[in-house]
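Side chains are part of it too, since the values below use all heavy atoms of this structure and drop only hydrogens, waters and symmetry mates. Within every chain, numbering begins at 1; the chains are lettered A, B, ... in the order of the sequence lines, protein sequences first and strands thereafter.
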Amino acid sequence: MRYPFAEIEPKWRKIWEDKKLYKTDLSKIDNKLYTLVMFIYPSGAKLHCGHWYNYAPTDTWARYKKLKGFNVFEPMGYDAFGLPAENYAIKTGIHPYDSTMKNIADIRSQLKNMGCMYDWDAELMTCVPEYYKWNQWLFIQLYKRGLAYRKNAPVNWCTSCNTVLANEQVLSDGNCERCGSQVIQKNLTQWFFKITDYAEELLQGLETINWPEKTKLMQRNWIGKSVGAEINFKVENSDETISVFTTRPDTLFGVTYVVLAPEHSLVDKLVTAENKKAVADYRDQTRKLTEIERTSTIKEKTGVPIGAFAINPMNGERIPIWIADYALLTYGTGCVMAVPAHDERDFEFATKFALPIRRVILQDGIKESDELKEAFTETGTMVNSNQFDGLRSDEGKQKIIAYLEETDFGKRKINFRLRDWLISRQRYWGTPIPVIHCDHCGEVLVEEKDLPVELPYDVDFKSQGVSPLARNENFINVKCPKCGADAKREADTMDTFVDSSWYYFRYLNPHFSEDIFDKSKTDNWVPVDMYVGGAEHATMHLLYARFIHKFLRDLGYNNSDEPFKNLVHQGTITNQGAKMSKSKGNVVNPDDFTVEYGADVFRLYLMFMGPYELGGDWSEKGIAGTERFVQRVYDLFTSHENIAKEISIKEKYDLQYLSDTEKIIYRKINQTIAKYDGELNHFRFNTAIASLMELINELKALPNCGKEIQVYTLERLAILLAAMAPHLAEECWQIIGKEKTIFENPIWFDADKDALTEDVANIAVQISGKLRATIQIPMNSDEAAVKAAVYTHERVTKWIEGKTIVKEIFVKNKIFNVVVK
RNA sequence: GCCGGAGUGGCGGAAUUGGUAGACGCGCUGGACUCAAAAUCCAGUAUGGCUCAAACCAUGUGCCGGUUCGAGUCCGGCCUUCGGUACCA
């Protein structure tokens with residue numbers, strides 16, 4: 001009989017639901033385990049194979065832990081605010097709220113068909129006031145502590161989304177992370193969260209969490225800590241000073257010019273009359289470039305002198321001040337001390353504009369008179385540096401900093417690449433920022449008692465270039481809470497990454513109305529023990545969440561330093577080499593497969609494809625293999641109906657009382673348990689399934705075993721299957737006569753350690769490292785016994801005939817190698 | 001350019017600390033069952049040589065070299081590819 005998945009799967013899902021098996025008792029905190037996948041964006045494309053690939057294996061891991069006795073909490077929810085819903089509204093006129101709710105309903109039913117053990121009572125969505133009210137509350141707390149602020153700055157503007165983007169949300173090709181359109185620079189007044197205040201802690205915290213090294217490295221690079229000094233250069237005939245950041249104070253004697261970012265405010269103050277025109281032209285030219293053109297390393301260096309001169313604090317030397325677009329306003333002080341001899345960029349620039357190049361660090365093994373063909377950027381011996389001559393440059397670095405601090409010309413400084421998180425968006429479908437702008441009082445926070453600032457439903461989406469909220473009179477006009485005068489609400493909404501930076505707290509009490517979450521609960525359950533999601537969030541969501549987590553800790557709202565103790569990234573499933581997306585038209589619909597093969601077969605197939613972290617290109621070629629496997633399992637159980645009712649079995653059997661066949665089966669099931677356990681624990685689903693397939697191949701001999709061993713084996717097999725293919729396993733468990741469902745009464749059988757090893761070992765016999773024979777010998781035989789067997793083997797005698805034995809290498813139970821000459 | 005991962009049969013992929021390369025699955029070939037087909041079951045399946053066949057021999061984990069009794073695994077130098085990053089002073 002063909003495995004009747006279409007009847008079985010809904011049947012078990014109903015039983016699980018009726019018995020409320022997956023509702024987690026949050027009051028039981030011994031053995032608590034919080035397993036989380038990144039919540040879903042409810043797009044119109046619904047669930048695709050990539051989602052399944054994220055959720056189904058993670059659910060297998062969660063079930064495995066549940067079987068092993070953990071009190072597992074596995075929730076699911078919807079990251080429901082965001083641009084696509086709004087863009088869809090502009091195109092079709094369907095309101096984002098309506099389309100999002102429709103999508104959520106569809107996706108929820110798809111999710112339920114996967115058979116994951118989500119606690120549906122914990123379900124949440126971010127687009128309802130009940131949730132986003134607390135984004136606003138969070139904003140207010142940040143604001144009150146100076147961590148939310150507004151400033152005018154050059155920002156990334158997506159020409160298609162008509163909104164600003166955070167740095168993290170601009171791809172390295174200069175395009176929008178969401179839509180791929182061109183991003184340009186605009187000067188705008190925007191809201192920021194001061195994530196930089198936590199830069200050092202965000203860096204240090206990485207040491208304490210079990211995340212993929214790759215991801216931690218990406219965060220380290222993104223945070224970009226540099227240790228060096230800030231040095232002040234006096235400007236000739238001026239009261240102004242130019243402050244630069246450098247990691248190489250040891251090269252200070254080699255500075256031959258200073259570069260300011262073209263937009264730097266000092267430029268206007270310092271430019272001389274005869275250079276005004278050239279400077280203005282150059283600034284115009286710079287403004288026209290996109291960020292990516294401007295920062296391209298391939299682009300030839302450009303710049304103009306501004307006519308003013310700075311004074312080197314070390315030697316009083318007079319050096320020209322230039323502006324050049326390779327100095328970035330947004331990094332460090334926006335000013336660079338140029339040392340052409342020891343910096344590649346400065347070298348290139350100086351060469352092009354015939355500026356002097358002075359060597360102050362001598363490379364080991366090179367004479368001072370040798371020509372300098374390229375910048376030398378490593379450590380060496382200091383030269384041309386007065387009292388510092390002869391020092392190693394790393395030592396000199398410290399000495400120079402000390403000297404600068406004494407003479408007040410500079411100080412030790414740590415600089416970060418990380419910028420503050422730009423959170424305002426000029427769009428409708430997001431959390432309104434709880435601020436009121438009053439002509440008299442300026443920025444005024446909405447009071448906590450007046451939260452939430454509700455997002456109005458009736459808005460006009462057709463207003464190109466202007467946020468729909470900005471044009472909504474009912475929303476925008478308000479009285480100032482301080483003075484009562486007419487005032488305007490902030491029209492920007494928050495980046496949706498604000499929503500996702502604390503949602504893992506909210507799952508534990510999604511409808512709690514007293515506060516952002518119930519600390520008495522979250523303290524017991526947060527941090528998340530296992531977090532699974534895409535690696536593309538490395539420097540966005542995963543960084544923001546860590547920041548907000550630390551902020552909430554500092555507010556006294558939680559007692560841990562990090563939100564996600566363990567992190568796993570599933571690999572990306574591509575189709576014909578491209579990431580699945582509706583716009584590319586290469587989305588594979590999982591429903592097609594669940595209709596044809598059932599959810600369990602599909603789950604198994606996704607897990608069997610390859611290493612979880614690797615992903616791969618979609619192909620349905622091998623699905624027949626997992627289907628056959630499931631069919632064979634089902635047949636095996638149906639041919640042993642009710643057997644567990646008739647026979648009672650022991651927990652452990654002594655191998656010596658078993659028949660030869662029973663011995664083989666008994667060993668195999670226990671070896672499989674041991675192997676499977678280890679593989680599953682580390683998300684190695686493919687090899688775990690392979691071990692089950694090996695087992696099922698071996699179980700062809702099961703009919704030749706006594707009934708006790710049959711029951712012993714089938715019980716264990718059903719439990720092993722339960723994590724991977726829960727519907728199938730429940731059915732099999734019932735077929736052999738079990739009354740309670742597996743997940744009602746989770747159990748795990750540990751492997752019988754006495755049954756893991758074989759009686760005999762296959763030993764590879766090598767002659768000079770080449771395999772020439774294998775011998776079978778009792779397990780753990782000593783060298784003498786193996787040697788005796790080796791030298792009586794005809795293949796060995798043949799190969800060593802006429803040769804001298806130089807050496808013998810013996811590795812117990814593995815190898816005997818005879819080295820001959 | 002820099003940083004990181006990955007290169008193993010026709011395909012997806014296995015291989016504790018260096019210790020019998022190719023587990024498991026797909027596909028393919030042959031056979032059984034069938035009037036026939038599908039499904040299922042059984043056997044075979046890295047390449048080359050020599051064989052009716054088996055046995056046997058040689059080669060083989062991106063390329064070149066090294067360490068070792070022994071290298072997919074370690075070291076040095078490349079190539080390809082996929083991510084990340086992009087003048088960060």
Side-chain angles (χ1 to χ4, degrees), chain A residues 2 171-174 212-215 217-218 220-222 224-226 228 244-248 251 259 261 291-292 294-299 301 324-328 330-339 342-346 348-349 415-419 535-536 538-539 569 571-572 574 577 604-605 608-611 613-617 619-626 628-629 631-632 635 678 684 686-697 700 762-774 795 798 806-820:
Chain A
R2 188 176 141 115
L171 300 177
S172 55
D173 60 2
E213 277 310 315
K214 189 180 98 174
T215 309
L217 187 66
M218 276 166 69
R220 272 185 210 114
N221 291 341
W222 192 262
K225 180 179 179 176
S226 300
V244 303
F245 172 74
T246 179
T247 56
R248 295 295 304 270
T251 62
V259 187
E291 178 81 355
I292 223 63
R294 185 172 155 184
T295 57
S296 163
T297 45
I298 308 152
K299 181 178 156 281
K301 298 266 177 297
D325 61 7
Y326 81 89
L328 306 174
T330 44
Y331 183 79
T333 61
C335 310
V336 179
M337 63 175 224
V339 188
H342 305 291
D343 181 283
E344 283 166 34
R345 296 151 300 178
D346 300 340
E348 191 194 328
F349 192 85
N415 201 52
F416 292 93
R417 202 191 85 117
L418 184 71
R419 319 271 172 82
E536 67 274 18
T539 53
H569 297 305
T572 312
T574 54
L604 282 167
Y605 179 58
F608 188 56
M609 284 191 343
E613 283 87 350
L614 231 61
D617 205 45
S619 156
E620 53 183 90
K621 259 169 63 184
I623 198 164
T626 45
R628 274 176 212 149
F629 168 73
Q631 184 66 48
R632 288 167 74 186
D635 290 343
R684 292 193 288 256
N686 56 331
T687 46
I689 293 173
S691 75
L692 292 185
M693 287 174 166
E694 270 187 62
L695 173 68
I696 206 90
N697 287 340
K700 280 166 197 160
N762 279 313
I763 294 188
V765 181
Q766 299 181 339
I767 310 294
S768 297
K770 280 197 192 291
L771 180 72
R772 296 304 180 191
T774 56
R795 303 252 315 132
K798 192 184 127 198
V806 181
K807 202 174 174 185
E808 286 163 341
I809 290 121
F810 172 69
V811 181
K812 200 168 160 188
N813 296 330
K814 287 240 165 103
I815 211 157
F816 192 96
N817 186 6
V818 184
V819 185
V820 295

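Using a 90° window around 0 for the glycosidic torsion, B:G70 falls outside it and is classed as anti.
Residues that satisfy the side-chain contact (heavy atoms from CB on, under 4.5 Å) test with A:Lys700, not counting sequence neighbours, are A:Arg632, A:Asn697. Partners of A:Lys807 by salt bridge (charged side-chain N to carboxylate O under 4.0 Å, His left out), not counting sequence neighbours: none found. For A:Asn686, there are no side-chain hydrogen bond (donor to acceptor under 3.5 Å, both in side chains) partners at least two apart in sequence or on another chain. For A:Asp343, the salt bridge (charged side-chain N to carboxylate O under 4.0 Å, His left out) test picks out A:Arg345, with sequence neighbours left out. Applying the side-chain hydrogen bond (donor to acceptor under 3.5 Å, both in side chains) test to A:Lys214 and every residue at least two apart in sequence or in another chain returns nothing. Remark: A:Arg684 pairs with A:Glu679 by the salt bridge (charged side-chain N to carboxylate O under 4.0 Å, His left out) rule, at least two apart or across chains. For A:Lys812, the side-chain contact (heavy atoms from CB on, under 4.5 Å) partners at least two apart in sequence or on another chain are A:Asn780, A:Phe810. For A:Glu808, the salt bridge (charged side-chain N to carboxylate O under 4.0 Å, His left out) partners at least two apart in sequence or on another chain are A:Lys787. Remark: A:Phe349 engages A:Tyr257, A:Trp322, A:Tyr326, A:Phe353 in a ring pair (Phe, Tyr, Trp, His ring centres under 6.0 Å) (not counting sequence neighbours).
B:A54 and B:C35 have their P atoms separated by 34 Å, with the value rounded to a whole Å.
Counting non-hydrogen atoms under 4.0 angstrom, A:Asn415 reaches nothing in the nucleic acid.
Donor-acceptor pairing under 3.5 Å, judged by distance alone, is present between the side chain of A:Gln766 and the base of B:G19. In terms of polar N and O atoms assigned as donor or acceptor, the side chain of A:Lys814 comes within less than 3.5 Å of the base of B:U17 in a complementary pairing.
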Practice item. Take nucleotides 27-33 of chain B nucleotide by nucleotide from the 5' end and write B, S or -, depending on whether a protein heavy atom sits under 4.0 Å from the base, only from the sugar-phosphate, or from neither. Key: S------

What nitrogen or oxygen pairs link the protein and nucleotides 53-55 of chain B at under 3.5 Å?
none

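Separating the CG atom in A:Asn813 from the CD1 atom in A:Ile763 is a distance of 6.0 Å, to the nearest 0.5 Å. Here the CG atom belonging to A:Leu614 is positioned 9.5 Å from the OG1 atom belonging to A:Thr572, to the nearest 0.5 angstrom.
Side chain of A:Met693, nearest nucleotide from B:A89, B:G19, B:G25: B:G25.
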Revision key, fill the gap. Under the rule of Watson-Crick or G-U wobble with both distances under 3.5 Å, where | means paired to another strand and [ ] a crossing pair, RNA chain B maps to (((((((..(((......[....)))((((((.......))))))((((......))))..(((((..]....))))))))))))....

